[in-house]
Amino acid sequence: MTLIRPDLDAIPAYVPGRTIPGAIKLASNEVPLPPTAPVLAAIAEAAAGGNRYPDAGVGALSARIAASLGVDQSRVAVGCGSVSICQQLVQATCLDPADEVLYAWRSFEAYPIVAKVAGATVRTVPLTEDFRHDLDAMAAAITPRTRLVMVCSPNNPTGTVVTPAELGRFLDTVGPRVIVALDEAYHEYVTDPEAADGMSLIDAHPNLVVLRTFSKAYRLAALRVGYAVASPEVAAALRKVCVTFSVSGVAQAAAIAALDDAENLLAACAETATERVRVRDALLEAGYTVPPTQANFVWLALGERALAFAEHCLDHKLVVRPFAGDGVRVTVSSPEENDLFLAAARSFDR
Ligand SMILES: *Cc1c(COP(=O)(O)O)cnc(C)c1O
């Protein structure tokens, strides 16, 4: 007998982007700018109330999110980052070890972790050759035991999106019995009119859950706040399995202030969208395979050279995020930092 359940050793730990003093961090898809002044002021004010427990129901923030999206507040569930919402989704849907969580692979590395930690069975469907979700193959992989499907668009780490037609067909095939979570962590960066927008589909599909976060475009990665928009029934279940008080008072205040200052914050996304085209074009020119991206990162399909490329970047004081044997994800940053990265990529001996 061991103290700890024996399967835990086989579950990989989440690999955070490395932070190396003096190096430029392009490994975690963060915005390189700090929160804006009004958000910092709200954080300071909320910090002064740090001796009090936060609003366990996250009422004011939920109301603010609901108003900004034009939905009823009963449809919003806030969590300690959208990674927590992913975990809550598994907890709210999977009870038996035979219950299945389905997602594309490669996709967000938190999905296998939250599914396996909850003791659910994992099923994956490979991305297409052009690094996109194969939603028809995913629909075919649904079994009577499937409880939850994760669809990531734009997909972390490949940057590709699903189209409204693909997603609509998928939802129609899956039917109302299985929860489909559309992870839109990079929604604010999407400019492609052919990309699906989950909010336009949730009224027609009560089993659809849209996940968003304040960690990326809203620059609050350290404060841990994300949310789901779902049917009132699903949202209530998500709130029920949320660890009480896990969304701190500082996080709640910061997120409200960030929504109030959205115009300023989102203006910076336009520069990223311009830069990602420039970065991708330069990488294609240099001979790399890089799918079109709708997020704030690019994917270099380097296969077995992924780790060597990341080491080479480190020699140039750039931290990128390799996935061994598969590829490297690189955050699109300021033009200056992107230029440093492109210089390193051009000098890599493939
Ligand atoms: C960054 C990211 C998130 C957000 O995680 P938080 O827990 O909100 O910081 C969620 N999903 C994907 C695919 C991401 O890349």
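Just follow the structure's listing: the first ligand is 1, and inside any ligand the first atom is 1. Here, residue 1 is the first one in the sequence, and each next residue gets the next number.
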Of all the atoms in ligand 1, which lie at a distance below 4.0 Å from a heavy atom belonging to [X]?
X      : result
Cys152 : 13 (C)
Ala185 : 2 (C), 3 (C), 10 (C), 11 (N), 12 (C), 14 (C)
Asn156 : 13 (C), 14 (C), 15 (O)
Ser215 : 6 (P), 8 (O), 9 (O)
Lys216 : 1 (C), 2 (C), 3 (C), 4 (C), 14 (C), 15 (O)
Tyr186 : 1 (C), 14 (C), 15 (O)

Taking non-hydrogen atoms only, is Val83 closer than 4.0 angstrom to ligand 1 via side chain, backbone, both or neither? both

Test the Arg350-Phe348 pair against the cation-pi criterion, namely NZ or CZ under 6.0 angstrom from the six-membered ring centroid and within 45° of the ring axis. no

The closest protein heavy-atom partner of atom 10 (C) of ligand 1 is Ser82 OG, 3.2 Å

Polar-atom distance check: Gly81 versus ligand 1, any N or O pair below 3.5 Å? no

Aromatic contact, Tyr186 with Phe297 (centres under 6.0 Å): yes

Give a yes or no on whether the ring-centroid distance for Phe309 and Tyr288 is below 6.0 angstrom. yes

So if I apply the salt bridge (charged side-chain N to carboxylate O under 4.0 Å, His left out) rule between Glu100 and each of Arg145, Arg123, Lys116, which one comes out positive? Arg123

With a 4.0 Å cut-off on N to O distance, would you call Arg212 and Glu184 a salt bridge? yes

Inspect the surroundings of CZ in Arg5 and state if more than 12 heavy atoms from other residues, nucleotides or ligands are less than 6.0 Å away. yes

Heavy atoms, side chains only, cut-off 4.5 Å: are Val39 and Leu220 in contact? yes

